[in-house]
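Here the structure is a predicted model, which is why all the values come from computation and not from measurement. Just so we're on the same page: letters track the sequence lines, and every chain starts at 1.
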2 protein chains.
Amino acid sequence: MSRESKVNISLNVLDNHPFLRQTLELVADKWVVAVLYVLSNGTKRYGELQREIGDISQRMLTKSLRDLERNGLVNRKVYPVVPPVVEYSLTPLGESLNGVLKSLCDWSNQNFDAVEAARDKYDKQTLCS
Amino acid sequence: MSRESKVNISLNVLDNHPFLRQTLELVADKWVVAVLYVLSNGTKRYGELQREIGDISQRMLTKSLRDLERNGLVNRKVYPVVPPVVEYSLTPLGESLNGVLKSLCDWSNQNFDAVEAARDKYDKQTLCS
DNA sequence: CCGGATCCTCCTGGATACTG
DNA sequence: CAGTATCCAGGAGGATCCGG
């Protein structure tokens, strides 16, 4: 069974914050965040997710959805018809996590210009060395 | 110049949230978060960081510190003595980002048992299939 | 003590083809 | 439509050696 192992994070220090580490594993993934974001707009089918995210491969979309489902962040509802219909939606847990990601997004909007400024400065410096 | 390219995230949908994507690139990294966390306890030297994180390679520690410095999240202070002394500390920007990570940590402490319960349930189900 | 440069391995993830 | 199975390249990251 192809359950690809997640990045194994084992930090001496962070073991004091046992759950931070694991929660980061939850969301520190490009596609997982994309799926969470799209689903925050409501229930979507597999094909819709694929289209809206755009450049995700089937393999990664499926894998991300399985992970999210396993972690209780996303609901998967299968309608036994042909052709098959499968609907994905956020669980309450998923929605609450999305709220936290939103606060990260807020930080971005307020502070990312500072990050870019720092980058420019750093790159300019190291260019002259 | 060995600037290894970061994961290139280009999402049709997430382009609406231009900075969320980039901020995630900032912190969606195992070691970067570890460094941020250790530095939240105050100024540290290179060797201290290495010891406290424990299982980080020199290569990755250096790389993470360079990235953090470039992004304006960490200060690097070199004392021109022999043997060399280098001190790392959070910038105000880094501290504010740490605050957001803290809220992620809070979410963990409140909700991670639910995640684990979902995992158990999922694994038990799929085991019987 | 603080790293830079290199080598080398393994894993991630895209492409493709195929099913119920 | 909604996936699964397989193959494969590219890059991340650890180990190691070296240098100021």
Side-chain angles (χ1 to χ4, degrees), chain A residues 1-12 25 28-35 38-39 43-70 74-89 122 126 129, chain B residues 1-12 25 27-35 38-39 43-70 74-89 126 129:
Chain A
M1 297 311 173
S2 65
R3 166 101 56 245
E4 292 180 26
S5 64
K6 276 283 186 177
V7 194
N8 181 20
I9 303 184
S10 62
L11 308 173
N12 294 353
E25 288 182 15
D29 180 299
K30 178 181 175 181
W31 300 121
V32 161
V33 173
V35 171
V38 174
L39 287 184
T43 298
K44 301 279 179 182
R45 297 179 55 181
Y46 187 90
E48 291 179 298
L49 284 165
Q50 195 171 20
R51 263 191 310 283
E52 295 196 28
I53 295 177
D55 51 357
I56 190 173
S57 65
Q58 286 188 336
R59 177 170 145 73
M60 279 300 101
L61 179 53
T62 300
K63 182 180 178 304
S64 301
L65 287 168
R66 290 291 174 279
D67 278 349
L68 286 164
E69 186 194 0
R70 184 172 109 95
V74 159
N75 278 321
R76 180 170 183 264
K77 191 170 183 180
V78 182
Y79 298 87
V81 297
V82 267
V85 171
V86 182
E87 282 181 354
Y88 293 95
S89 59
Y122 183 93
T126 53
S129 66
Chain B
M1 303 302 181
S2 64
R3 169 101 56 244
E4 293 179 23
S5 65
K6 275 282 184 179
V7 194
N8 181 22
I9 303 186
S10 63
L11 307 172
N12 295 352
E25 288 182 16
V27 294
D29 180 300
K30 178 181 173 181
W31 299 122
V32 161
V33 173
V35 171
V38 174
L39 287 184
T43 298
K44 300 279 178 183
R45 297 179 55 180
Y46 186 88
E48 289 179 298
L49 284 166
Q50 194 171 20
R51 261 191 310 282
E52 296 197 27
I53 295 177
D55 52 356
I56 190 173
S57 65
Q58 288 188 337
R59 179 173 145 73
M60 281 299 101
L61 179 54
T62 300
K63 182 179 178 304
S64 301
L65 287 168
R66 290 293 172 278
D67 278 350
L68 285 165
E69 186 193 359
R70 185 172 108 95
V74 159
N75 278 320
R76 181 170 183 264
K77 191 168 183 182
V78 183
Y79 298 86
V81 295
V82 265
V85 171
V86 183
E87 282 182 352
Y88 294 94
S89 59
T126 53
S129 66

Trainee: Output all residues satisfying side-chain contact (heavy atoms from CB on, under 4.5 Å) with A:Val78, sequence neighbours left out; order by chain, then residue number.
Mentor: A:Arg76, A:Val86
Trainee: Can you list the residues that meet the side-chain hydrogen bond (donor to acceptor under 3.5 Å, both in side chains) rule with A:Glu87, with sequence neighbours excluded?
Mentor: A:Tyr79
Trainee: To the nearest angstrom, how far is A:Leu49 atom CG from D:dC1 atom C1'?
Mentor: 13 Å
Trainee: Could you state the NZ-C1' distance from B:Lys30 to C:dT12, rounded to the nearest angstrom?
Mentor: 14 Å
Trainee: So, OP1 or OP2 of C:dG3: does either fall under 4.0 Å of a side-chain N or O from B:Arg66?
Mentor: yes
Trainee: What is the distance from CG of B:Asp55 to P of D:dG14, rounded to the nearest Å?
Mentor: 8 Å
Trainee: With B:Thr62, which residues qualify under side-chain hydrogen bond (donor to acceptor under 3.5 Å, both in side chains), at least two apart?
Mentor: B:Tyr46
Trainee: Taking all atoms of both residues into account, what is the closest heavy-atom pair of B:Thr43 and B:Glu48, and its distance?
Mentor: O-OE1, 4.4 Å
Trainee: If you compare all heavy atoms of B:Glu52 against all heavy atoms of B:Val38, which two are closest, and at what distance to 0.1 Å?
Mentor: OE1-CG1, 3.6 Å
Trainee: Report yes if some heavy atom in the side chain of B:Asp29 is under 4.5 Å from a heavy atom in the side chain of B:Asp67; otherwise report no.
Mentor: no
Trainee: Could you state the CD-P distance from A:Glu87 to D:dC1, rounded to the nearest angstrom?
Mentor: 15 Å
Trainee: Students often get this wrong, so: under 4.0 angstrom with heavy atoms, is A:Tyr79 touching a base, only sugar-phosphate, or nothing?
Mentor: nothing
Trainee: From C-beta outward on B:Arg45, which listed nucleotide comes closest to its side chain: D:dG14, D:dG3, C:dC2?
Mentor: C:dC2
Trainee: Tell me the interatomic distance from A:Arg76, atom CZ, to D:dC1, atom P, rounded to whole angstroms.
Mentor: 16 Å
Trainee: Rounded to whole Å, how long is the line connecting atom NZ of A:Lys44 with atom C1' of D:dA2?
Mentor: 17 Å
Trainee: How far apart are the closest heavy atoms of A:Ile53 and A:Leu61, and which atoms are they?
Mentor: CD1-CD1, 4.5 Å
Trainee: Measure the distance from NZ on B:Lys63 to P on D:dG13 and round it to the nearest whole Å.
Mentor: 6 Å
Trainee: For D:dC1, does OP1 or OP2 lie under 4.0 Å from any side-chain N or O of A:Arg51?
Mentor: no
Trainee: Could you tell me which non-hydrogen atom of A:Leu39 sits nearest to which non-hydrogen atom of A:Tyr88, and how far apart they are?
Mentor: CD2-O, 3.6 Å
Trainee: Of B:Tyr88 and A:Pro83, whose nearest nucleotide on DNA chain C comes first from the 5' end?
Mentor: B:Tyr88
Trainee: From CD1 of A:Ile56 over to C1' of C:dA15, roughly how many Å is that when rounded to an integer?
Mentor: 14 Å
Trainee: How does protein reach along nucleotides 15-20 of chain D, written 5' to 3' as B (base within reach of a heavy atom under 4.0 Å), S (only sugar-phosphate), or - (no contact)?
Mentor: B-B--B
Trainee: With rounding to the nearest 0.5 angstrom, report the CD to NZ distance, B:Gln50 to B:Lys44.
Mentor: 14.0 Å
Trainee: The helix from C:dC1-D:dG20 to C:dG20-D:dC1: angle between its terminal axes, five pairs each, to 10°?
Mentor: 50°
Trainee: Would you please confirm or rule out a distance under 4.0 Å between OP1 or OP2 of D:dT4 and any side-chain N or O of A:Tyr46?
Mentor: no
